[in-house]
Amino acid sequence: MSDLAVTRAAPRGMVTIRADFAAPGAQSALLAATGCVMPGQRRIAFEGRRAVAWMSPDEALLFLPPEEVAGVPAAVAEALGGAPHLAVDVSDARVIFRIAGAGARMVLAKGAPIDLSPLAFRPGDFRRTRLGQVATAIWMTEDGAFELMCFRSVADFVEGWLLNAAGSVDASLLGSGLFAETGAVPAS
């Protein structure tokens, strides 16, 4: 399991944006203010050094370099005009972990009640869920690599949990069944 790694990602800027994204002009306003389009339900869209995650029908989370956060709430307000909205810097509230390598799916499957099989969870997929009893969001950045976000107040617990789960991955199960990265799940 030498290539399986759990690491705490470098700090990332994050802006929560709440608005009626179905309203006329809302999608173009989001694009103008953030440089990203609102992804589909349970998805994350990457655009250069930025990404937007679908959090709910009226909520998106923008990820961007920390030095670019300051102007985003005002840009969102300007782009949306008088439409009701919320745009808040939440960068300090959350921590992101990267789980990558053979067994990454297995690590997350040990505690998250979501379907992480290769047919159900692919690059660009995003889920708000729980890891054990802790609120998290999980997304796949590329084959074999995931990121997990949690509140900063529980980050040390989550990091310990992930490291423990990674340390107990059963190598004999990798490459087959639900943990095959080929996208083919054998019939049971």
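Because only heavy atoms are used, hydrogens play no part in the values below, and waters and symmetry mates are left out as well, while side chains stay in.
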Side-chain donor-acceptor contacts of residues 94-102 below 3.5 Å, not counting sequence neighbours, with atom names and distances?
from : atom 1 : to   : atom 2 : distance (Å)
R98  : NH1    : T141 : OG1    : 3.3
R98  : NH2    : E142 : OE2    : 3.1

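- A donor-acceptor contact shorter than 3.5 Å links the side chain of R122 to the backbone of P118.
- In this structure, the side chain of K110 engages the main chain of S168 through a donor-acceptor pair within 3.5 Å.
- The nearest pair of heavy atoms linking P57 to F21 is O-CD1, 3.6 Å.
- W54 and L148 are members of different hydrophobic clusters when ILVMFWY side chains are connected at heavy-atom separations under 4.5 Å.
- In terms of hydrophobic clustering, with Ile, Leu, Val, Met, Phe, Trp and Tyr side chains grouped at heavy-atom distances under 4.5 Å, I138 and L163 are assigned to a common cluster.
- Judged by distance alone, the side chain of E59 and the main-chain N or O of I17 form no donor-acceptor pair under 3.5 Å.
- The pair R42-D125 does not meet the salt-bridge criterion, since no charged nitrogen lies less than 4.0 angstrom from a carboxylate oxygen.
- Rounded to the nearest 0.5 Å, atoms CE (M140) and CD1 (I44) are 13.0 Å apart.
- For CD of E67, the number of neighbouring non-hydrogen atoms (other residues, nucleotides, ligands) closer than 6.0 Å is greater than 12.
- Under the 4.0 Å criterion applied to side-chain N and carboxylate O atoms, R12 and E68 are not assigned as salt-bridge partners.
- M149 has its side chain within reach of L61: a pair of non-hydrogen atoms, C-beta onward, lies under 4.5 Å apart.
- Under the side chain to side chain contact (heavy atoms under 4.5 Å, CB included) rule, L131 has a single partner from I114, V107, V158, which is V158.
- Of the inter-residue distances, the one linking M14 atom CE with L64 atom CG reads 9.5 Å to the nearest 0.5 angstrom.
- For T129 against A112, the heavy-atom pair with the smallest separation is CG2-CB, 4.4 Å.
- Considering all non-hydrogen atoms of both residues, F146 and A104 come closest at CD1-CB, 3.8 Å.
- Remark: E47 CD is loosely packed, at most 12 non-hydrogen atoms of other residues, nucleotides or ligands lying under 6.0 Å away.
- In terms of modelled atom types and a separation under 3.5 Å, the side chain of R105 and the main chain of F121 share a donor-acceptor contact.
- Taking the six-membered ring where tryptophan is involved, the planes of W139 and F63 are tilted, since the angle between them lies from 30° to 60°.
- Within the 4.5 Å cutoff, the side chain of V69 has heavy atoms near those of the V15 side chain.
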Which donor-acceptor pairs under 3.5 Å do side chains of residues 31-40 form with protein atoms, sequence neighbours excluded?
from : atom 1 : to  : atom 2 : distance (Å)
T34  : OG1    : L30 : O      : 2.7
T34  : OG1    : C36 : N      : 3.1
T34  : OG1    : C36 : O      : 3.2

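- Residues V134 and F157 meet the side-chain proximity criterion, which asks for heavy atoms closer than 4.5 Å.
- Heavy-atom minimum distance, L4 versus G103: CD1-C, 3.9 Å.
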Show me the side-chain donor-acceptor pairs of residues 72-89 shorter than 3.5 Å, one per line, residues at least two apart or across chains.
from : atom 1 : to  : atom 2 : distance (Å)
H85  : ND1    : A83 : O      : 3.0
D89  : OD1    : S91 : N      : 2.9
D89  : OD1    : S91 : OG     : 2.6

